[in-house]
Amino acid sequence: VTVPFSVTDLQHLSETEQTGALKAWEEEEKQRDFDYSIAPILRVNVFIRGEEDFRVTFCFHHAILDGWSLSSMLSELFSLLCDGGAAEEKPPLVTTFRDFIALEQQSLESQEARDYWAKKLADLRVTALPPSEGPAARESARNVEEVRFDSKLVEGLKSFARLAGVSLKSVLLAAHCRVLGLLSGQSEVTSGLVSNGRPEEADGDRALGLFLNTIPFSLNLKDATWLDLAQSAAEAERELGPHRRYPLPELQKANGGEPLFEATFNYTHFHILEPVREAPNFKITEPESFSNINYPFSAGFDLNNNSELILILENDSTRLSTQQIDQIRNYYSRAL
């Protein structure tokens, strides 16, 4: 398969004109859908902005790359650039995306997994987001808010995680569930949990593909302290672990086709990019991303450079108003 690859020289334009041209191109590119029955579902574009300044854009269907895969690909590509483009011949990976598909199929055939999820679905209570307050958009559109927390707060969260004997992810998941409780008024909440299902093999972290599944995750908030919540979140995720590859579409089918949750949680830490960020002859200056979500609301936490925590709130603008998103952002800030 040949990947569409284009190079555009913008050096004849001023910096302002370059920015305008790139924005116009981005908006046009967002309207170009992928036909995922025809390969490839990836396009690469390079824009030359100066002698030592360029912009590279990858447009792809999420079905072929998850965030870790994209970071791995960028790390390998930019490392080659830092080294002058001399590619070292490497043996092919033992682990491939088809191994993940095989693990999903094994999960589907497992009576234990089917029984586990049948019980979970029987007890499931969907956590509904509140109705829109104030003027919401008439047409569905994706709204994105970023909240940045400094290293002092991150150190405090890590200290609390050590006290609780859990990971930072469990602390953030507990905070997310507490916010859902405030929004819904429910003492037991359910969120979609984005889960990593990569094969646990020696080179499983280097394979490229979409190794994610989003599964229903429930937590009881009643009379719980923060310590209780963090430890309960960790224990609940450990319990889900062996069954995390049971595909979400099959779970929804078992639930009569009805959605299992309206909000999702994701935690990422793409430390594989650190060597590139620290390279003396190469600097990433303006990283940007755009994606479409399938759920009314998602909260994504990204630990950046081990010191800054970024909360990315995405929502369907017809479901939640700007005023409600401001309130939700405040809930997360206060909880953390």
Could you walk me through whether S195 and N213 pass side-chain hydrogen bond (donor to acceptor under 3.5 Å, both in side chains), step by step?
-> CA-CA 5 Å; S195 184; N213 189 28; over 6 Å; no

Take atom [atom1] of [X] as the centre, draw a 6.0 Å sphere, and report whether it contains more than 12 heavy atoms from other residues, nucleotides or ligands.
X   : atom1 : value
E52 : CD    : no
E76 : CD    : no
E15 : CD    : no

Can you tell me how far the [atom1] atom of [X] sits from the [atom2] atom of [Y], to the nearest 0.5 Å?
X    : Y    : atom1 : atom2 : result
E29  : F290 : CD    : CZ    : 11.0 Å
N143 : T318 : CG    : OG1   : 11.0 Å
S159 : L168 : OG    : CG    : 11.5 Å
L193 : L219 : CG    : CG    : 11.0 Å

Would you tell me whether T57 and N45 have side-chain atoms, one donor and one acceptor, within less than 3.5 Å of each other?
-> no

Report yes or no: do D302 and T268 form a side-chain donor-acceptor pair below 3.5 Å?
-> yes

Would you call [X] and [Y] a salt bridge, using N to O less than 4.0 angstrom?
X    : Y    : result
E27  : K30  : yes
D115 : K119 : no
E288 : R55  : yes

Hey, is the main chain of I284 close enough, under 3.5 Å, to the side chain of R277 for a donor-acceptor pair?
-> no

Could you tell me whether F211 and W68 have their ring centroids closer than 6.0 angstrom?
-> no

Assess the pair F282 and F78: is the distance between their ring centroids shorter than 6.0 Å?
-> yes

